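Written out below as structure tokens is the structure these notes cover.
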Amino acid sequence: MESELKDMNSNPPSSSSSSSSKEERPLLKSESDVSAAIEELDKKFAPFARTDSYGTMGLGPFPTAEKVKLAAAMVTLVPVRFVLAMSILLLYYLVCRVFTLFSAPYRGGEEEEEEEEEEGGGGVVQEDYAHMGGWRRVVIVRCGRFLSRVLLFVFGFYWIPESSLDRVDSDLKTTSSEIAENGETEKEEPERPGVIVSNHVSYLDILYHMSASFPSFVAKRSVGKLPLVGLISKCLGCVFVQREAKSPDFKGVSGTVNERVREAHRNKSAPTIMLFPEGTTTNGDYLLQFKTGAFLAGTPVLPVILKYPYERFSVAWDTISGARHIIFLLCQFVNHLEVIRLPVYYPSQEEKDNPKLYASNVRRLMATKGNLILSDLGLGDKRIYHATLNE
């Protein structure tokens with residue numbers, strides 16, 4: 001009996017140890033397997049993959065020289081830049097606060113929004129100071145543009161080269177020159193673009209556009225409630241969207257944006273609206289499918305292409321946490337941004353009737369002129385990529 005018990009006690013451990021060793025074998029190769037899997041993921045989701053020296057998710061590995069540079073920047077550049085950036089933000093907040101005193105914010109369709117909120121399905125909030133006229137509005141806009149450029153300078157964007165294309169190849173679509181050939185500009189001035197469309201690489205895109213034209217953006221409703229930034233976003237004239245609404249009202253979101261686009265198209269004093277038709281950020285080398293929101297109104301659009309050349313750190317905001325991205329950004333002594341401004345794109349009647357065609361043609365034009373790669377991926381694919389990396 002004792003021998004049988006010994007056999008029974010000795011056999012299970014051996015089988016369990018063999019099974020556990022089998023289970024552990026893949027884990028022993030996990031590092032190489034993970035790196036291989038990440039490479040495959042990066043190929044499959046190329047528009048969102050980071051290709052800089054800081055690696056996927058900004059986790060390295062970092063060479064010794066890079067570690068030394070980061071350590072030196074952390075005790076010199078980062079504190080100075082952080083203090084300067086917060087000072088600029090606070091200064092502009094005070095400008096907005098002073099020059100909006102005793103002024104009521106513009107509320108478009110307020111009654112309808114209140115009814116929707118009572119029903120629990122409201123999707124859009126209009127509350128801004130961008131419709132405020134007079135000298136106070138001029139001060140807010142000019143200070144905003146100047147301080148945005150100063151903030152970019154603090155972040156290391158010391159010079160930003162901009163190039164403008166006067167006309168577009170006929171096979172891609174002629175713009176203002178085509179209107180002139182048709183004789184329309186002889187009678188009246190060229191139509192004002194209703195919206196600015198741009199590729200989306202980083203949150204820095206917003207700072208550049210603020211410094212260039214100070215347009216309105218579409219933002220989450222929570223942004224309007226943030227300290228400091230909330231008031232600034234209202235002075236920009238942002239359209240606040242509650243994406244988490246249980247029953248979002250498509251007519252409310254789309255309708256509000258279309259009204260703002262048409263208003264900017266008709267009225268020179270109205271705030272211009274800025275949209276990122278990709279709906280999310282990329283690594284800057286690709287152009288995703290365009291959503292049709294910017295093109296539903298059928299008004300002319302102004303395409304702008306942003307490119308961020310880099311040597312060590314890419315400012316593209318993908319697969320990396322916000323805090324880590326900001327720290328690495330502040331650690332770079334010099335950052336680079338190049339801007340390509342295309343002519344105003346005037347849609348044909350066919351494009352006005354078909355927003356998808358309009359969006360596709362503008363996208364193709366921007367990809368050609370900006371040397372960007374077209375991709376059929378979208379926000380859903382990006383979420384899958386990020387979820388897989390975080391497993």
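Atoms considered below: every heavy atom in the structure, side chains included; atoms not considered: hydrogens, waters and symmetry mates. Predicted model only: the values in this text are computed from it and were never measured.
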(message) Is it the case that the side chains of Thr51 and Tyr310 hold a donor-acceptor pair, with the cut-off being a distance below 3.5 Å and no angle test?
(response) yes

(message) Under 3.5 Å, is there a donor on one side chain and an acceptor on the other for Glu278 and Asn199?
(response) no

(request) Could you tell me whether the side chains of Tyr308 and Asn283 share a donor-acceptor contact shorter than 3.5 Å? (result) no

(message) Between Tyr358 and Tyr345 (judged by ring centroids, cut-off 6.0 Å), do the two rings come close enough to count as a pair?
(response) yes

(request) Evaluate the side-chain proximity of Phe157 to Leu204: yes if any heavy-atom separation is below 4.5 Å, no if none is. (result) yes

(message) Is there a continuous path of hydrophobic side-chain contacts, each under 4.5 Å between heavy atoms, that joins Val201 to Ile160?
(response) yes

(request) Go through the steps to decide whether Arg260 and Ser216 satisfy the test side-chain hydrogen bond (donor to acceptor under 3.5 Å, both in side chains), and finish with yes or no. (result) CA-CA 9 Å; Arg260 291 289 297 273; Ser216 304; 2.8 Å; yes

(request) For the pair Arg50 and Asp42, find out whether any cationic side-chain nitrogen is under 4.0 Å from an anionic carboxylate oxygen. (result) no

(message) So, taking the atom named CG in Leu288 and the one named CG in Asp381, what distance separates them when rounded to the nearest 0.5 Å?
(response) 9.0 Å

(message) Between Thr272 and Arg192, is there a side-chain heavy-atom distance shorter than 4.5 Å?
(response) yes

(message) Tell me which pairs pass salt bridge (charged side-chain N to carboxylate O under 4.0 Å, His left out) where either residue lies in residues 225-241, with sequence neighbours left out.
(response) Glu127-Lys234

(request) Quick one: sort the Phe295 and Phe290 rings into parallel, tilted or perpendicular, breaks at 30° and 60°. (result) parallel

(message) Between Thr299 and Arg262, do the side chains contain a donor N or O and an acceptor N or O under 3.5 Å apart?
(response) no

Can you list, pair by pair, the side-chain donor-acceptor contacts under 3.5 Å of residues 57-70, counting residues two or more places apart and other chains?
{"residue": "Glu66", "atom": "OE1", "partner": "Arg312", "partner atom": "NE", "Å": "3.1"}
{"residue": "Glu66", "atom": "OE2", "partner": "Tyr54", "partner atom": "OH", "Å": "2.3"}
{"residue": "Glu66", "atom": "OE2", "partner": "Arg312", "partner atom": "NE", "Å": "3.2"}
{"residue": "Glu66", "atom": "OE2", "partner": "Arg312", "partner atom": "NH2", "Å": "2.6"}

(message) Could you check, using the six-membered ring where one of them is a Trp, whether His336 and Tyr158 have ring centers closer than 6.0 angstrom?
(response) no

(request) Please report the closest heavy-atom contact between Thr280 and Lys382, naming both atoms and the distance. (result) OG1-NZ, 2.8 Å

(message) With a 6.0 Å cut-off on the ring centroids, do Tyr203 and His325 count as close?
(response) yes

(request) Assess the side chains of Asp353 and Gln349: does a donor N or O sit below 3.5 Å from an acceptor N or O? (result) yes

(request) Go through the side-chain N and O atoms of Tyr346 and Glu351 and say whether any donor and acceptor fall under 3.5 Å apart. (result) no

